[in-house]
Structures are given as structure tokens and as C-alpha cells.
Amino acid sequence: MSAPARFDRGHTDDLMSFLAASPSPYHAVANTAERLEKAGFRQVAETDAWDGTSGGKYVLRGGAIVAWYVPDGAEPHTPFHIIGAHTDSPNLRVKPRPDTGAHGWRQVAVEIYGGPLLNSWLDRDLGLAGRLTLRDGSSVLVNVDRPLLRVPQLAIHLDRSVSAEGLKLDKQRHLQPVWGLGGDVQDGDLIAYLEQEAGLAAGSVAGWDLMTHPVEAPAHLGRDRELVAGPRMDNLLSVHAGVAALAAAATSGAALTRIPVLAAFDHEENGSQSDTGADGPLLGSVLERSVFARGGSFEDRARAFAGTVCLSSDTGHAVHPNYAERHDPTHHPRVNGGPILKVNVNNRYATDGSGRAVFAAACEKANVPFQTFVSNNSMPCGTTIGPITAARHGIRTVDIGVAILSMHSVRELCGADDPFLLANALTAFLEG
């Protein structure tokens with residue numbers, strides 16, 4: 001297959017805007033919902049009775065969203081084509097008692113979320129974003145997207161061993177950011193500040209889910225601007241491609257023989273075991289209710305699931321020019337080489353031979369080249385929502401993604417062409 005001609009990078013520019021506007025999973029799903037609304041989708045509440053009408057619908061739950069499009073004439077047993085992704089990224093998250101400090105510094109107590117590259121968070125200008133829960137149970141998004149916090153690194157003059165022995169960080173002692181000066185630390189100061197930022201009355205916040213984020217904007221990189229550097233590509237790159245593909249499938253006028261679905265979960269970075277994670281009931285509940293709302297039976301549900309395929313889309317590892325020996329010697333995915341098919345025979349990824357055929361067909365239809373990733377046998381392999389989705393719901397699942405560098409860094413690196421190529425392949429998959 002010949003590679004597609006070079007194209008306008010409007011999709012990637014839009015991805016950069018999406019990354020910048022989505023500093024937390026809650027912002028990511030809000031932005032996803034806004035894009036779906038523009039494509040004609042409507043929100044349905046889990047507490048309401050669902051109808052079997054055609055069209056686009058979506059469910060929001062915390063930092064997760066599941067959206068689907070029912071074409072006219074879809075039978076109750078019509079299978080689903082699902083794009084799976086996740087909205088969360090490794091970062092520093094605010095503790096229940098955030099106000100702390102020492103030696104005249106005001107600090108914020110944070111907990112490590114997921115597996116971030118800790119050194120990448122040092123000496124960065126950080127903002128603060130997330131969800132504030134009010135006393136009446138409602139929630140408000142907050143985003144202080146300007147330099148507010150910083151985790152200062154120890155000067156080399158006070159640790160001469162760092163050059164020879166490497167940087168050693170204690171997660172409890174060395175990662176607490178500073179955000180001002182003052183010897184008298186008062187409980188409630190941070191939340192009171194955020195209430196003001198969000199335009200809320202003093203004392204109205206009863207709970208919070210807050211996290212730090214770098215305020216530096218995503219940017220093109222390189223002589224020919226063929227690279228993109230930015231935060232949270234793992235895995236908002238896939239969420240963005242997924243919503244673009246779903247909107248395209250729903251508005252293309254194509255005769256859909258499957259029900260296209262986007263499932264973007266929270267908590268992948270710490271195991272997916274939550275009511276908004278891939279190991280929770282959300283996806284299965286939505287799919288089943290869609291079948292039953294169209295008059296289906298348990299038999300129809302079983303038939304629909306048996307014909308369903310999920311593409312679990314997450315970032316993967318491009319070959320690193322400085323550490324090529326860490327990669328499998330015969331599998332060297334390159335940036336701007338097209339999306340990757342992720343394979344692991346020990347089921348850390350869910351791909352098998354039949355799944356490869358599904359993805360190859362979608363890429364061929366979209367005229368998109370693809371590559372294959374497999375881990376070096378001497379390196380432990382990461383995992384995704386793919387095996388979880390396959391095991392929990394009994395549906396065929398294929399692990400794919402985009403090859404990047406600096407995964408789990410505060411600022412990751414991808415090719416400027418690959419997000420567009422992924423979105424095209426996902427669109428072809430959803431359109432069947």
C-alpha cells in the first residue's frame with residue numbers, strides 16, 4: 001500500500017487545542033461532549049428510561065464518556081464497533097488536606113497518580129485543574145491555567161552526586177510544589193482560593209478532585225515542524241481521534257452495518273478498577289441498555305456482543321534513537337509511519353491474528369500505512385484497557401495506537417502526521 005500524500009495538518013492543530021483545553025479527565029469529557037453535541041448527539045441520563053430511537057447519544061460519568069450512534073433501521077442484535085481509549089494521564093494530584101509548607105514556603109500536598117516520569121515535573125510552571133463538588137452534590141470545573149505552582153529541584157551545589165549517581169527522588173519529600181510564601185499555613189487556603197477562581201461563594205465546596213498540569217502550550221517541533229510536543233498525549237490523542245471518527249461516521253451518510261461507539265474511560269493509569277474505569281460496568285451497561293431499548297432480548301444482546309469488535313487505542317513506544325537496544329530488534333515503529341498494531345502473546349495486549357486482519361482492513365480502506373509493535377523479550381510489557389475489555393465483556397478486542405517518545409513525561413512527543421492517520425483508520429473501522 002502506498003502512503004497517502006502529505007496533507008494539511010488541521011487535525012493535528014485541533015488536537016493541540018484539545019490537549020490544551022483538557023488539563024483533567026473531567027475537562028476532557030466535557031470537551032468531547034461539546035464536540036459530539038455539534039455533530040448532533042444528545043446526552044442521556046443513566047437514571048432515565050432510554051428509548052430506541054436512532055441517532056447519536058452519550059452518557060457522562062465523572063471522567064468517562066460513552067457515546068454511540070444508532071443508524072436508521074438498526075436491529076436489536078446489530079453488533080457494535082467500539083473505539084476504546086482513556087482520559088487520565090500520570091500526574092500530581094492534590095491530597096484531602098492540601099495546605100502545607102515549611103521554612104517560610106507555602107506548599108500544596110500532592111499524591112503521585114499513575115506512573116509519571118517524576119523528573120519531568122521538576123522546575124515546570126504548573127497550573128491546577130479538576131472538579132469541585134459543592135454541598136448540594138453538583139460539581140463545577142475549575143482550571144487555573146497559569147503559573148501557580150512549581151516543584152523546585154535541588155541545586156547541584158547541594159548534591160554533587162547527582163551527576164555521577166543520577167537523580168534520586170523521594171516521592172513523599174521531594175515532589176511537594178511551592179505556591180507562595182508565608183510562615184502561617186492555614187487549612188482551607190487553597191480551596192478558598194479556588195472558590196474565588198471559580199466564582200463560587202466562600203465555603204461552598206465540600207469535595208475536590210484536583211491535579212497539576214504544565215501550562216506550556218503544545219507546539220510543533222523540528223526543522224520542518226514534523227513533530228508535536230505536548231502534555232497528555234497518552235491518551236487524549238486517542239480520545240481526540242476517536243471523537244473525530246465517531247462524528248465523521250455519524251454525519252457521513254454512509255450505510256452503517258454496525259453501531260459505532262466511543263468509550264473513553266478514566267483510571268487506566270492505575271488499573272481501571274473503578275465505576276468509570278474499563279474494568280467497571282459502564283460500557284457493558286450502556287451497550288446492553290441500547291439493545292434492550294430497541295426491543296431486544298438477552299438473545300439479541302448475546303448476538304450483538306458476539307459480532308462486536310473493539311479497537312483499544314492507546315499510545316505506544318516509537319523506537320528511541322538513543323536507546324534502540326531497549327526495543328525489539330525486528331520491530332522499530334517510527335513516528336509519522338502510521339498507527340501501530342500492538343501485539344503481546346502473554347495477553348498484555350489483546351491483539352491476535354484475527355484482530356490484525358480487522359485493523360489491516362480498516363487501514364487499507366483508509367489508505368493508511370500501519371506498523372507493528374512488540375516488546376523486547378528482556379523488557380516487561382505494559383498493558384492497556386484492551387485485555388480488560390475483552391475479558392469483562394467477551395468481545396473481540398485489538399490493541400492499536402500511535403507511536404510516541406517520552407511516554408508518561410509531563411511533555412510527550414509524537415509525529416505531526418500520525419494523529420490524522422489514526423483518525424482516518426478509526427473512521428474507516430467505524431464505517432465498517
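- Heavy-atom minimum distance, G401 versus L422: O-CD1, 4.4 Å.
- The aromatic rings of F80 and F305 sit perpendicular, their planes meeting at an angle over 60°, well past the 30° parallel limit.
- Between E226 and R9 no salt bridge is recorded (no basic side-chain N to carboxylate O distance below 4.0 Å).
- Of the possible polar contacts, one joining the D88 side chain to the E269 backbone as a donor-acceptor pair under 3.5 Å is found.
- Of the possible polar contacts, one joining the T427 side chain to the A423 backbone as a donor-acceptor pair under 3.5 Å is found.
- For F429 and H81, the ring centers sit closer than 6.0 Å to each other.
- Contacts classified as ring-ring contact (aromatic ring centres under 6.0 Å, His included) and involving residues 109-163 (residues at least two apart or in different chains) are not found.
- With salt bridges taken as basic N to acidic carboxylate O contacts below 4.0 Å, none links K95 and E111.
- Under the 3.5 Å distance criterion, with hydrogens and angles disregarded, no donor-acceptor pair is assigned to the side chains of Q153 and H174.
- Between E37 and R42 no salt bridge is recorded (no basic side-chain N to carboxylate O distance below 4.0 Å).
- Considering CG of L175 and CD1 of I112, their distance stands at 4.0 Å, rounded to 0.5 Å.
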Subject >> side chain to side chain contact (heavy atoms under 4.5 Å, CB included) between M211 and Y26, worked out >> reply: CA-CA 11 Å; M211 58 208 71; Y26 314 108; 4.1 Å; yes
Original post:
Under the side chain to side chain contact (heavy atoms under 4.5 Å, CB included) criterion, do H213 and N143 qualify, and how do the steps go?
Top reply: CA-CA 10 Å; H213 67 274; N143 181 14; 3.3 Å; yes
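- Counting heavy atoms of neighbouring residues, nucleotides and ligands inside a 6.0 Å radius, atom NZ of K171 does not exceed 12 of them.
- Under the 3.5 Å distance criterion, the side-chain polar atoms of R93 are left unmatched by any main-chain donor or acceptor of T212.
- The existence of a salt bridge linking R35 and D14 is confirmed by a sub-4.0 Å separation between a basic side-chain nitrogen and an acidic carboxylate oxygen.
- Side-chain atoms of S285 and V66, non-hydrogen and from C-beta on, never get closer than 4.5 Å to each other.
- With rounding to the nearest 0.5 Å, the separation of CD in E412 from SG in C414 is 9.0 Å.
- Inspection of the H267 and T276 side chains reveals an N or O donor paired with an N or O acceptor under 3.5 Å.
- Ion pairing between D51 and K57 holds under the 4.0 Å rule for side-chain N and carboxylate O.
- Listed for the H317 side chain is no donor-acceptor partner under 3.5 Å among the backbone atoms of L405.
- Using modelled atom types and a 3.5 Å distance limit, the side chains of D234 and H86 yield a donor-acceptor pair.
- In this structure, W105 has no ring-ring contact (aromatic ring centres under 6.0 Å, His included) partners at least two apart in sequence or on a different chain.
- Between the OG1 atom of T315 and the CD1 atom of I404 there is a distance of 4.0 Å, given to the nearest 0.5 Å.
- For E216 and R124, the salt-bridge test passes: some basic side-chain N is under 4.0 Å from an acidic carboxylate O.
- Atom CG of D123 sits in a crowded spot, with more than 12 heavy atoms from other residues, nucleotides or ligands closer than 6.0 Å.
- Defined by atom type and a distance below 3.5 Å, a donor-acceptor pair is missing between the side-chain atoms of H11 and N424.
- The backbone N or O of V410 lies less than 3.5 Å from a partner atom in the side chain of S120, making a donor-acceptor pair.
- Interatomic distance, L117 CG to L122 CG, rounded to the nearest 0.5 Å: 11.0 Å.
- Checked by atom type and distance alone, the side chain of D314 never pairs as donor or acceptor with a backbone atom of S238 at under 3.5 Å.
- In this structure a side-chain-to-backbone donor-acceptor pair under 3.5 Å is present from D99 to G188.
- Contact annotation: the side chain of D145 never approaches that of P23 to less than 4.5 Å [non-hydrogen atoms, C-beta and beyond].
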**OP:** Applying side chain to side chain contact (heavy atoms under 4.5 Å, CB included), run through V228 and M233 and close with a yes or a no.
**Re:** CA-CA 10 Å; V228 172; M233 291 183 184; 3.6 Å; yes
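- With respect to D189 and R97, no salt bridge is recorded, no charged nitrogen being found less than 4.0 Å from a carboxylate O.
- Between H240 and F18, the two ring planes are tilted [angle within 30° to 60°].
- Between Y193 and W179, the distance from one ring center to the other falls under 6.0 angstrom.
- Distance CD1/I385 to OH/Y349: 13.0 Å, rounded to 0.5 Å.
- With values rounded to the nearest 0.5 angstrom, H408 atom NE2 is found 11.0 Å from N91 atom CG.
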